[in-house]
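Letters A, B, ... are given to chains in the order of the sequence lines, protein chains preceding strands, and every chain is numbered from 1.
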Amino acid sequence: MSEAVVALLEVDNLKVNFHTPTGIVRAVRGLSFSLGRERLGIVGESGSGKSMTGRAILDLIPYPGEVLADRMLFRGEDLLTMPKATRRKLRGRRISMVMQDPKFSLNPVMTVGDQIAEAYRVHHKANAREARERTLAMLDAVQIREPERVYALYPHEVSGGMGQRVMIAMMLIAEPDILIADEPTSALDVTVQLQVLKILDDLVTSRGMGLIFISHDLHLVQSFCDRVIVMYGGKAMETMPAAELADPSAMSRRHPYTLGLLGCLPELGNPKGRLSTLTRDPEWLA
Amino acid sequence: MAEGESYGIVGESGSGKSTVLRVLAGLNQEWSGAVTIFRKAQPRVRDKAFHRAVQMVFQDPYGSLHPKKTLDDALAEPLAIHGIGDAERRIARALSDVGLPSAFRYRYPHQLSGGQRQRVAIARALVLEPTLFLLDEPTSALDVSIQAEVLNLLQALRQERKLTYILVSHDLAVVGHMCERLMVMQHGQCVEEMSAATLSARKPETAYAQALLVASEGFRRQG
Ligand SMILES: Nc1ncnc2c1ncn2[C@@H]1O[C@H](COP(=O)(O)OP(=O)(O)OP(=O)(O)O)[C@@H](O)[C@H]1O
Ligand SMILES: Nc1ncnc2c1ncn2[C@@H]1O[C@H](COP(=O)(O)OP(=O)(O)OP(=O)(O)O)[C@@H](O)[C@H]1O
Ligand SMILES: [Mg+2]
Ligand SMILES: [Mg+2]
């Protein structure tokens, strides 16, 4: 991980709060991490603040949410103090996010192809024909069969996994420095999933992109990522080399929450009557 | 499929898995062939009793929840449509079954995380106490601890109430855990049908099913 030395992103003590009529929801409670030219996994409990962390980096926390942090640096520049317009320009071009609900994030009344082409033209000088060709090439790169047919489909006409790949194509076409991918492959079959991960992997290795990979799939994170943050209740329980998730000799160092997660998995070839579940300890949030 | 059986569908993205479930649920009218459910050949348009007995949990939880309706509305609505009383108790029970705190009851979908929305979708299907459950990737948005809780719940319900499941999933370990038999789909067709034992022993016949098993072992970096 020697290339991780140049920090693309530094986040110090990030907090995301929602002020609701029934009280404050603390979605993220003091998260700190840095991202280099690497694949950084984030795993953890549903509702633990993974998506809100990604959105906070992009300044996309919806009302009535508030973002607080001691520091949030993109290549040394402070995201929190820069003019809003400068920050908006980074979004989509330098820092992109593949949202967890791809179909919800797409425009329902525009074909998926036109949406990708438009994303390309926002960031590059290109005429309509060039944008269309780039889009078809990108759809092909994310393993969409019959790109011409799919170009002309509306979001409700594509399958779950096709929608995810459309989102990935749209975010990658701008060639960002940082990609935040929120469950980007959860609706893909396992063979297509590996092909899509190969594309992301190449971008990290060859172009030095920084990737934040949010996922529930522990095997995938362990085999694909360099480091992993394990989140619970808006906090990082631990950060570790991803390979250690499968290393028996490292288990004595693991946080009990991480051990609990590993124990919940069904395994092929090792049938279990009931799956183990987690006993959550209030101490973890202390 | 026999009554009380649990059957899995796995396969290529875009191969028609969700489409098959929608046809079985009576939500897609454009099909040909024959569909027999509850020993009765099913017409294109199903009756109200059918729509109560057969519930589908959709792959895309956001799309299946109305953005302007609270969880309470989302769960009360199917009960009202089918004229079922005792809504209060049933809603509280369904929420606790899927592990959502009762404080969430008056939240809107956008105030929930992805996995919390998916649990609402499961709870909404559960309140009607269906006999045939069509589950489209029910746990792919859930972390593994909530997944384990939901799968345990589905197993327990199946034993208690003799429910029948069709489960679509990309996670072969989940299908192996939940189902007795499964079908592998590619290009809109079934390429192989096998028992869970064959899957666990990693002994499928077709090259495609074998490729799925290999890919499910994780990412491999070349060189
Ligand atoms: N508008 C809102 N008002 C109140 N609470 C909210 C709002 N939006 C999100 N939350 C809460 O913030 C917490 C963090 O949400 P987030 O979407 O980051 O979770 P997550 O870790 O991505 O979970 P999942 O794995 O289920 O997607 C959740 O408990 C959620 O209920
Ligand atoms: N309304 C529609 N108009 C045109 N094509 C459609 C429509 N609905 C589905 N399709 C096509 O039917 C095929 C099967 O889609 P389906 O959603 O059943 O796939 P799936 O196996 O569930 O895939 P995934 O695993 O990605 O969810 C896809 O190629 C899709 O583009
Ligand atoms: Mg999320
Ligand atoms: Mg589908």
Filter on ring pair (Phe, Tyr, Trp, His ring centres under 6.0 Å), then keep only pairs touching residues 152-189 of chain B, sequence neighbours left out; what's left? B:Phe133-B:Tyr165
In terms of heavy-atom pairs under 4.5 Å, which option from A:Gly160, A:Gly49, A:Gly44, A:Ser223 contacts chain B the most? A:Ser223
Hey, which of B:Gly115, B:Ala173, B:Ala201 has the most heavy atom pairs under 4.5 Å with chain A? B:Ala173
Taking side chain as everything from C-beta outward and backbone as N, CA, C, O, which of these in A:Lys198 sits under 4.5 Å from a heavy atom of chain B? Side chain, backbone, both or neither. both
So, the part of A:Ser48 with a heavy atom under 4.5 Å from chain B: the answer is neither
Closest non-hydrogen atom pair, A:Ser276 against B:Ala148: O-CB, 3.5 Å
Identify which of A:Asn270, A:Leu197, A:Leu220 forms the greatest number of heavy-atom pairs closer than 4.5 Å to chain B. A:Leu197
With A:Glu66 via salt bridge (Lys or Arg N to Asp or Glu O under 4.0 Å) - residues at least two apart: none
Proximal component of B:Tyr208, with respect to chain A [non-hydrogen, under 4.5 Å]: side chain
Rounded to the nearest 0.5 Å, how far does CG of A:Leu268 lie from CG of B:Leu213? 6.5 Å
Near A:Glu283 CD, under 6.0 Å, is it more than 12 heavy atoms from other residues, nucleotides or ligands? no
Ionic contact status for A:Arg145 with B:Glu12, cut-off 4.0 Å: yes
When rounded to the nearest 0.5 angstrom, what distance separates CG in B:Leu142 from OG in A:Ser186? 10.5 Å
Distance, nearest 0.5 Å, that separates CG of A:Asp189 from CG of B:Leu212: 6.0 Å
Engaged part of A:Ala27 at the chain B interface, taking heavy atoms whose separation is under 4.5 Å: neither
Closest contact, heavy atoms only, B:Val144 versus A:Cys264: O-CB, 3.5 Å
Between CG of A:Leu261 and CD of B:Gln147, what distance do you get to the nearest 0.5 Å? 11.0 Å
Side chain from CB out, backbone as N, CA, C, O: work out which of these in B:Arg119 comes under 4.5 Å of a heavy atom of chain A, or both, or neither. side chain
Quick one: pull up CG in A:Asp217 and CZ in B:Phe219 and give me the separation to the nearest 0.5 Å. 13.0 Å
Identify the two heavy atoms, one from A:Leu194 and one from B:Gly218, that lie closest to each other, and give their separation to 0.1 Å. CD1-O, 3.6 Å
By a 4.5 Å heavy-atom criterion (distance strictly below it), what part of A:Val25 contacts chain B: side chain, backbone, both, or neither? side chain
Most contacts with chain B, counted as non-hydrogen pairs under 4.5 angstrom, among A:Gly161, A:Gly269, A:Ser159, A:Pro266: A:Pro266
Looking at B:Arg220, I want to see if its CZ is surrounded by more than 12 non-hydrogen atoms of other residues, nucleotides or ligands under 6.0 Å. no
Once you round to the nearest 0.5 Å, how far does CD of A:Gln100 lie from OG of B:Ser113? 7.0 Å
Is it the side chain or the backbone of B:Ala211 that comes within 4.5 Å of chain A heavy atoms, both, or neither? both
Any side-chain donor paired with an acceptor under 3.5 Å for A:Thr205 and B:Arg221? no
Contact part of A:Leu262 toward chain B, heavy-atom cut-off under 4.5 Å: side chain, backbone, both or neither? neither
Do the side-chain N and O atoms of B:Arg107 and A:Thr20 include a donor-acceptor pair separated by under 3.5 angstrom? no
Against chain B, work out which of A:Thr22, A:Leu265, A:Val192, A:Asp201 has the most heavy-atom pairs shorter than 4.5 Å and name it. A:Asp201
Has B:Asp143 got a side-chain atom pairing as donor or acceptor with A:Ser46's backbone, closer than 3.5 angstrom? yes
From the list A:Gly263, A:Pro271, A:Ala187, A:Ser51, the residue making the most non-hydrogen contacts under 4.5 Å with chain B is A:Ala187
